[in-house]
Colleague: 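Sharing a structure below in structure tokens format, with a few things to ask.
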There are 2 protein chains.
Amino acid sequence: MKSKSSYGIRSIDVARLAGVSRSAVSRAFTEGAYIADETREKVLKASEQLGYSPNAIARGLITRRSRMVGVVVADLSNPFYAGVLEATCLKLQQHGLAPLLLSCRHSQDLDSLIPQLLAYQVDGVLIAASTLSSTIATQCARAGRPVVLINRYVSYDAVSAVTCDNVGGGRAVADRLVAGGHRRIAFLAGLEDTSSSRDREKGFVGRLGELGIALHARDVGNYAYEGATAAVRRLLSKRPRPDAIFCANDTMAIAAIDVARNEFGLELPRDLSIAGYDNIDAASWQGYDLTSVDQNLDRMVATAIDLLLRLRDDPGSRPQHVQVPARLEVRGSTRAVPPAKSVRRLTKLRGAGGSRAA
Amino acid sequence: MKSKSSYGIRSIDVARLAGVSRSAVSRAFTEGAYIADETREKVLKASEQLGYSPNAIARGLITRRSRMVGVVVADLSNPFYAGVLEATCLKLQQHGLAPLLLSCRHSQDLDSLIPQLLAYQVDGVLIAASTLSSTIATQCARAGRPVVLINRYVSYDAVSAVTCDNVGGGRAVADRLVAGGHRRIAFLAGLEDTSSSRDREKGFVGRLGELGIALHARDVGNYAYEGATAAVRRLLSKRPRPDAIFCANDTMAIAAIDVARNEFGLELPRDLSIAGYDNIDAASWQGYDLTSVDQNLDRMVATAIDLLLRLRDDPGSRPQHVQVPARLEVRGSTRAVPPAKSVRRLTKLRGAGGSRAA
DNA sequence: TCATCTTCTGCACACGTGTGCATTACCGCA
DNA sequence: TGCGGTAATGCACACGTGTGCAGAAGATGA
């Protein structure tokens, strides 16, 4: 009707209807542009009437700003990273940016996928739960697209990173377990080649050492439920049996609880304490009530996006590594104080019944 | 070096290096274009050397195909929809498409967000776990952007939908529970205004009716853990107490199990059978071992994307509603056969010990 | 050798927008 | 009236690409 059966309404159509030039239309949609209030009013009214909104593709071409951010998430089946993605979307939206998503398996080579993102001229790249090679990193840098990792970091100085204080989180768990009287303490690692798992272990084992306790056992669960069940079976079969396990994420901790209860008949936290990392929703479910380190997801995401935008807009800014503090969310899967061991041993020897005094 | 410190490499740069025209470069990257093998070879080599890949923004502008698809997910904290998103990404990638993500709270008005997606000239819109108003739907239709809902449907004929056979899934659960000897059967709805919850209830209650059983109780959990715990407390406080609950999704079913065990001291499936819907990862965890309806996520997503592409490419195609079959995954949270009631009652009266015969 | 056909290439236009620059309209003041 | 100054507007170019069309180069047949 207007021009081409209203299929695609262009700024020229709005201009004609409002009786102004195409430039005026453009300016009406540009924050802080030099335009009379009256004119802007007219333009917006005409736009409303025609259902016009500026073509973001064309705008991106001319401004060399696509207003899109590439977002890479390696493991969406992990609720923590689903949460990261959700928070990222919301935050980007608040900045008028749109997330162009790239999902991949854990071990898949991002290197072949990132160029695809760059082809879309994204203003930057956020990568959660994965890393990229230095080759691709420099390629991004050369193209002027800042890269910010979430929860991982690398040594190339072209890449920024925002992580939780994984070392600190590990230390906090160590303190908690030792305070609970545990001495035969085990660690269940995530993926061996991730900085997150390594740092949590470093903090945990380091603090145990400071407290004069050596790690009793160690295994690897690959951050997954299935991997963890097998690993926990091995851990709990060891003699003497561990009396506490720190798992590098919640999914594995939940697997640990399941195996401990159902396959070994243990009761938590009497026979065994278990702590996790991430503080996902399931950690607060009654069935698990899991002590877990909270990564402050919202703050991590907000920091990452702020950093990305600064790197994009401020030519003087340099890539950096930011840490966000961790917080231990204490729940029922770890005990607060040592049990009165002697008493319990006595009752056991005497048989059923017995003193319920301290 | 080449032109502008290699900041943005353009097709003209490649053309010069390869000693051909810019058109040849374009054709080298276009499937099935009219170009000599030798020339293409030259161009690709030069591109490799310069790290060139065509600017997808510019291409989108000229071809009027952005090769991006708007993907809307309402509830990423629900692992099922996180899975939908992951599958969607993978499938789109296989078709050379990129997902432009839009995440929103459940009740938020998509109507203000969808135009944002359209501004990016997406080739179509996929919406999971949410719907849109007819106003916006016609706006999409007028712009020639097909819309496909996943797991919801609406009556406007401009909008396609792919859903699981929710009625069939509800019926299958009814059959299973009745076969287990249950007669006081309750239903826990999700969100009242969703077609998914309504259809599951319709199938479930309808089949119960065919079997001569009236619904014993009903409540609403809003598809969330917290909402469900409160609702299940009410359900299990009713006298006589329900002996089976069908929850409209797994998250609520898990809440139901937790409340039943920890607050009412019930044992599953002896005292209570519980079934869910979605078959999320957590349903197979040892701690829950939840009978659940599998929606065949991959097939739903694949169907939705095929439909979207057909609507985009074939001018003769019309919006439609496709159903994917449901499959009941039977696990330990529902019993297979009625318990030998009389015997159990006898043993109870007599005290401990007693016949372990049938 | 010439005509015809095939195979490929390059020219030039188009996509829809933002923005620098020149120009216009208008107001106040001498 | 004339003039300088300010506020607003329109012109025209640029962004990087795909593709219709015409034409060139080479092959084939008469």
Side-chain angles (χ1 to χ4, degrees), chain A residues 2-4 6-16 18-43 46-47 50-68 96 118-123 143-144, chain B residues 2-4 6-16 18-43 46-47 50-68 96 118-123 143-144:
Chain A
K2 268 299 167 239
S3 59
K4 296 179 177 184
S6 89
Y7 184 89
I9 295 127
R10 312 181 304 273
S11 59
I12 186 74
D13 303 319
V14 177
R16 280 202 261 265
V20 297
S21 81
R22 210 178 49 70
S23 310
V25 177
S26 173
R27 282 191 253 263
F29 281 93
T30 308
E31 197 91 16
Y34 212 25
I35 186 175
D37 288 352
E38 189 193 3
T39 312
R40 168 169 275 153
E41 206 75 19
K42 265 194 301 186
V43 169
S47 302
L50 266 58
Y52 169 80
S53 73
N55 183 324
I57 294 285
R59 169 181 14 209
L61 185 57
I62 190 71
T63 60
R64 312 176 72 102
R65 287 264 159 103
S66 65
R67 301 202 192 178
M68 300 189 297
L118 293 183
Y120 279 95
Q121 312 299 112
V122 291
D123 289 347
Chain B
K2 267 300 167 238
S3 59
K4 295 178 176 185
S6 88
Y7 184 90
I9 295 127
R10 311 183 303 277
S11 60
I12 186 75
D13 303 319
V14 177
R16 281 202 261 264
V20 297
S21 79
R22 211 178 47 70
S23 310
V25 177
S26 172
R27 283 189 254 261
F29 282 93
T30 308
E31 197 92 16
Y34 212 25
I35 185 175
D37 289 350
E38 188 193 1
T39 311
R40 167 169 276 151
E41 207 74 19
K42 265 195 302 187
V43 169
S47 302
L50 265 60
Y52 168 82
S53 72
N55 183 324
I57 294 285
R59 165 175 26 202
L61 185 58
I62 191 72
T63 60
R64 313 176 71 102
R65 286 265 159 105
S66 64
R67 300 202 193 178
M68 300 189 296
L118 293 183
Y120 279 95
Q121 313 299 112
V122 291
D123 289 348

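The shown structure was predicted, so the numbers you read here are calculated from the model rather than taken from an experiment. Below, read A as the first sequence line, B as the second, and so on, with proteins coming before strands; counting in each chain starts at 1.
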Colleague: Specify the separation, in whole Å, of atom CZ of Arg67(A) and atom P of dT17(C).
Modeller: 13 Å
Colleague: Toward the 5' end of DNA chain C, which comes first, Val20(B) or Ala58(B), by nearest nucleotide?
Modeller: Val20(B)
Colleague: OP1, OP2 of dG10(C) versus side-chain N and O of Tyr34(B): anything below 4.0 Å?
Modeller: no
Colleague: At 4.0 Å (heavy atoms only), tell me whether Thr63(A) reaches a base, stays on the sugar-phosphate, or touches nothing.
Modeller: sugar-phosphate
Colleague: Can you see if the side chain of Ser21(B) gets near the phosphate of dG10(C) - specifically, an N or O under 4.0 Å from OP1 or OP2?
Modeller: yes
Colleague: Does a side-chain N or O of Tyr120(A) approach OP1 or OP2 of dG16(D) to a distance below 4.0 Å, or not?
Modeller: no
Colleague: Counting any heavy atom closer than 4.0 Å, what does Tyr52(B) reach on the DNA or RNA strands: base, sugar-phosphate only, or nothing?
Modeller: sugar-phosphate
Colleague: Using a 4.0 Å heavy-atom cut-off across all strands, classify Ile35(B) as base, sugar-phosphate, or nothing.
Modeller: sugar-phosphate
Colleague: Would you mind reading off the distance between Asn55(B) atom CG and dC15(C) atom C1', rounded to a whole angstrom?
Modeller: 13 Å
Colleague: State whether Arg64(A) places a side-chain N or O below 4.0 Å from either non-bridging phosphate oxygen (OP1 or OP2) of dG16(D).
Modeller: yes
Colleague: Figure out the CD1/P separation between Ile12(B) and dG18(D), and round it to whole Å.
Modeller: 13 Å
Colleague: Nearest to the side chain of Leu61(B), heavy atoms from C-beta on, is which of dT17(C), dG16(D), dG10(C)?
Modeller: dG16(D)
Colleague: Under 6.0 Å between ring centres, would you say that holds for Tyr120(A) and Tyr120(B)?
Modeller: no
Colleague: If every non-hydrogen atom of Val43(A) is compared with every non-hydrogen atom of Val25(A), which pair is closest and at what distance?
Modeller: CG1-CA, 3.9 Å
Colleague: Return the nearest nucleotide to the side chain of Arg22(B); candidates are dT9(D), dC13(C), dG20(D).
Modeller: dC13(C)
Colleague: Output the single nucleotide from dC11(C), dA12(D), dG16(D) whose closest atom is nearest the side chain of Arg10(B).
Modeller: dG16(D)
Colleague: Under 4.0 Å from OP1 or OP2 of dT17(C): is there any side-chain N or O of Ser11(A) that close?
Modeller: yes
Colleague: Nearest 0.5 Å, please: how far is CD1 in Ile62(A) from CG in Asn55(A)?
Modeller: 12.5 Å
Colleague: Rounded to the nearest angstrom, tell me the gap between atom CZ in Arg59(B) and atom C1' in dG16(C).
Modeller: 18 Å
Colleague: Atom CZ in Arg59(B), atom CZ in Arg65(B): separation rounded to 0.5 Å?
Modeller: 12.5 Å
Colleague: Given that Ile62(B) and Thr39(B) both sit by DNA chain C, which one's nearest nucleotide is further toward the 5' end?
Modeller: Thr39(B)
Colleague: Whole angstrom is fine here: how far is it from CZ in Arg27(A) over to P in dC11(D)?
Modeller: 11 Å
